2 protein chains.
Amino acid sequence: MKKRVTIKDIASKLNISPTAVSRALNDHSDISESLKKRVQETARDMGYTRNVIAKRLVTNNSNTIGCFMLGRQDIQEETFGFHLIGGIIDEANRNNYDILLFTTSSSTEQGKDYIEMCLERRVEGAIFMGLRLDDPYLDNISQAPFPTVIFDTELPGTNVYCVTSDNRTGIRRAMEYLWNLGHERIAFIAGHAQAQVTKIRFDAYREFMEGKHAFLEGLIFSGDYTRQSGYRAAQEILVSKLKPSAVLVSSDLMALGAIQAFKDAGLHVPSEMSIIGIDNILACEYIEPQLTTIAQNPFKMGEQAVKTIISCLEHRKQPRRLALEMELIVRGSCGPNPYSHTQRTLALP
Amino acid sequence: MKKRVTIKDIASKLNISPTAVSRALNDHSDISESLKKRVQETARDMGYTRNVIAKRLVTNNSNTIGCFMLGRQDIQEETFGFHLIGGIIDEANRNNYDILLFTTSSSTEQGKDYIEMCLERRVEGAIFMGLRLDDPYLDNISQAPFPTVIFDTELPGTNVYCVTSDNRTGIRRAMEYLWNLGHERIAFIAGHAQAQVTKIRFDAYREFMEGKHAFLEGLIFSGDYTRQSGYRAAQEILVSKLKPSAVLVSSDLMALGAIQAFKDAGLHVPSEMSIIGIDNILACEYIEPQLTTIAQNPFKMGEQAVKTIISCLEHRKQPRRLALEMELIVRGSCGPNPYSHTQRTLALP
DNA sequence: TTGAAAGCGGTACCAT
DNA sequence: ATGGTACCGCTTTCAA
């Protein structure tokens, strides 16, 4: 490790004080233009690069946001998570913040909780992606002494914020779309209980169905967000008494599995069975038929998480929960209900 | 920002020196067990968390690796990049390194090159993902004064290393597989010139074909790694004089586009046209037929990048280029050459 | 407009 | 085994 040029080196070379150098480099107003120029030039000539670590120590200000990538095992998160990160870095760097990235495996092994890792690095805020309800450090996060954003999960705590998608509206739109195609027996495939959205999505479905007096326990099936579980759930649907003509599936991955199951059973999608997923993963476009889905906007969610943290840091009040709009992307996996003689064309508000 | 407990606070509370506290906290061997215990307990009681920033300043050692996510526009990178990052963080955290994540947009706007950003933060090494050959800071990277790993790109420079996949072997295996299915007119769809692997992949293809005395310029088609370009290239193949019976495509995404083009033209895959991609993206399994492909191992590549940097830091010599094994994943997109009466069964070394 | 000096929170060298 | 102290590189009063 070779010696680096410091402001003292510049100062002594120029026969001025380190103070002056510091202020010249930081473009303070109380330094003469001529000195500034001289300092900046010699700094460049000497190959000086400022030491942010020293600066952070003295200003007691890390300009850093910690970001935890949790539960990567969930394949569903892959492309979604990548865009989330993209949005986070973009927005952070734009505001001169650094992003420190952590993963779960190593940290927890060492017995350090998330918040302590942040505290040690004097991180100013933290973002959690892929947090599960059975995470052992849940209430640790709740007590974070700095602004914290969790995707898709609302936790108690004064510094804890949630950035998510407006699943309720998104699902309502999808359900209305199906309903208007004449479907009334609309099944639902849920995800696992360790994700907070699981319940939110189910509630949205239920709310719609009850509004139509069409809610039936027998239409509910469950999975765990994996493709395999979607396949199995679809098999159950096939033998169910209620003979649903459409399914709303809590994730695209499960929907992909479901489509496969229907195909394998010789049931044609969409003419005999309509299906809608959630997420808008890449594969939606490649499967036959292309999957109609409710899309989230992960990049924007990432940006929003950082915005929320920075706003808190600047003492601007933030809503505890921010739900970004979802978009129904209509492709080829839905058709009119073949059993219905009363297909609606355009109805309802 | 409330006042934090420091080592000195603990020292004065215990009437000992800060030195002793520091050493007790760091579990040095020259401190009595009893003192260690006392110190650690009071530290906990007082709510002390060590300040890594201060430590980094004094030890002149950031324990941090910078990671640049470049060219995210390339959809191909999505899931691949996510695993790359996963591997990087895992391995870094396991070795007590932090990962600082950067993106291109903001940094370059501010006129700061990659290396300067690293230098300011006293980063000990850097990793570049998605670097393109037309990046304006290419020779800036070459001169990095710290170990640097670039995925899939070899650059001159004493501190620059390359972690990639062994495309040559991977492609040879795929080509042999096709050849053994009786294909001799094997077309190739290349990527754009801004990625170094583009040439490597083409060379591997060419080498094989020339070895069989089957190389023909007319079998080469080009794309830019997007699905659309794969579609277009496939259309050209359809009208080409040489009537290839198989195609090796430089990325799965292009292969997906190509399959679509063949389908649209009424050509059946794999009975009338065999096709192999590279990458093993998620969608390979969802398309009909499932796509045979040459898989990379992005997670392992990420780990390897970090290992390389840490090895350099520990003065262990590293190879300038490390190519990880690729695996031919046989699925349903290849079949025997229908025009060939001489289908080989098992041949060649 | 510039300078001197006191830290920020640790670590490490040299004593004891 | 423990303490005194200088110092890492920078910023920030306060004084000149």
Side-chain angles (χ1 to χ4, degrees), chain A residues 1-40 42-43 46-64 96 116 118-124, chain B residues 1-40 42-43 46-64 96 116 118-124:
Chain A
M1 199 59 116
K2 53 181 168 238
K3 201 82 191 78
R4 292 261 176 64
V5 179
T6 73
I7 57 173
K8 283 179 191 168
D9 298 329
I10 301 177
S12 58
K13 177 146 205 170
L14 254 37
N15 278 319
I16 57 174
S17 73
T19 315
V21 176
S22 170
R23 285 192 284 216
L25 256 20
N26 288 305
D27 205 32
H28 278 219
S29 56
D30 55 357
I31 291 285
S32 67
E33 282 304 321
S34 61
L35 218 209
K36 268 186 200 168
K37 192 138 291 175
R38 275 208 303 153
V39 169
Q40 278 154 6
T42 34
M46 297 176 73
Y48 170 81
T49 41
R50 68 178 183 172
N51 187 334
V52 265
I53 296 183
K55 182 194 179 122
R56 283 171 185 178
L57 177 60
V58 57
T59 58
N60 189 28
N61 190 300
S62 69
N63 254 261
T64 300
N96 261 299
E116 178 159 357
C118 290
L119 252 20
E120 286 191 345
R121 290 157 178 87
R122 298 303 189 260
V123 145
E124 298 184 30
Chain B
M1 200 60 117
K2 51 180 170 239
K3 200 82 191 78
R4 293 262 176 65
V5 178
T6 73
I7 263 186
K8 286 173 189 167
D9 297 330
I10 301 175
S12 58
K13 178 147 206 168
L14 253 38
N15 277 320
I16 56 174
S17 72
T19 314
V21 176
S22 171
R23 285 191 284 216
L25 256 19
N26 288 304
D27 205 33
H28 279 217
S29 56
D30 55 357
I31 291 285
S32 68
E33 282 304 320
S34 61
L35 218 209
K36 268 185 200 168
K37 192 138 290 175
R38 276 208 302 152
V39 169
Q40 277 154 7
T42 35
M46 296 176 74
Y48 169 81
T49 41
R50 68 181 222 255
N51 187 334
V52 270
I53 296 182
K55 182 193 179 122
R56 283 171 184 179
L57 177 60
V58 58
T59 58
N60 188 27
N61 191 299
S62 69
N63 255 259
T64 300
N96 261 300
E116 179 159 356
C118 290
L119 252 21
E120 287 191 344
R121 289 155 179 89
R122 296 305 188 260
V123 145
E124 299 184 29

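Everything numeric in this text was worked out from a predicted model, so none of it was measured. Chain identifiers are assigned alphabetically (A, B, ...) following the order of the sequence lines, protein sequences preceding nucleic acid strands; residue numbering begins at 1 within each chain.
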Does a nitrogen or oxygen in the side chain of A/Ser22 sit under 4.0 Å from OP1 or OP2 of D/dT11? yes
Gap between atoms CD1 and C1', on A/Ile16 and C/dA4 respectively (whole Å): 14 Å
For B/Leu57 and C/dC8, give me the distance from atom CG to atom P, rounded to whole Å. 13 Å
Report the end-to-end axis angle of the helix from C/dT1-D/dA16 to C/dT16-D/dA1; each axis comes from five terminal pairs, and the value is rounded to 10°. 30°
Less than 4.5 Å apart, any side-chain heavy atom of B/Thr42 and any of B/Val21? no
Below 4.0 Å: OP1/OP2 of D/dG9 and any side-chain N or O of B/Asn60: no
Presence of A/Asn26 side-chain N/O under 4.0 Å of D/dT11 phosphate oxygens OP1/OP2: yes
Any non-hydrogen side-chain atom of A/Lys55 less than 4.5 Å from a side-chain atom of A/Asn63? no
Pairwise side-chain contact, B/Glu120 with B/Glu116, heavy-atom cut-off 4.5 Å (strictly under): yes
Look at the side chain of A/Ser32 and the base of C/dT2, then say whether one donor and one acceptor between them are separated by less than 3.5 Å. no
Any non-hydrogen side-chain atom of B/Leu57 less than 4.5 Å from a side-chain atom of A/Arg56? no
Let me know the distance between NZ of A/Lys55 and C1' of C/dG9, rounded to the nearest Å. 18 Å
When you measure from the side-chain N and O atoms of A/Ser17 to the phosphate of C/dG3, is any distance below 4.0 Å, counting only OP1 and OP2? yes
I want to check something: taking the side chain as every heavy atom from C-beta on, are A/Glu124 and A/Thr64 in contact at a cut-off of under 4.5 Å? no
Rounded distance in Å - CG (A/Asp30) to P (D/dT12): 11 Å
Hey, are the side chains of A/Val39 and A/Lys36 touching, using non-hydrogen atoms and a 4.5 Å cut-off? no
Nearest-angstrom distance from the residue atom CD1 of A/Ile10 to P of C/dG3: 14 Å
Nucleotide D/dG9, atom C1' - distance to CG of A/Asn61 in whole Å: 17 Å
Can you find a donor-acceptor N/O pair under 3.5 angstrom joining the side chain of A/Arg23 to the base of C/dG3? yes
Atom pair distance, as rounded to whole Å: NE2 in A/His28 and P in D/dT13: 11 Å
Whole-Å distance, A/Asn15 CG to C/dT2 C1', equals 13 Å
Ignoring hydrogens and angles, are the base of C/dA12 and the side chain of B/Thr59 linked by a donor-acceptor pair under 3.5 Å? no
Do the side-chain N or O atoms of B/Thr6 get closer than 4.0 angstrom to the phosphate oxygens (OP1, OP2) of C/dC8? no
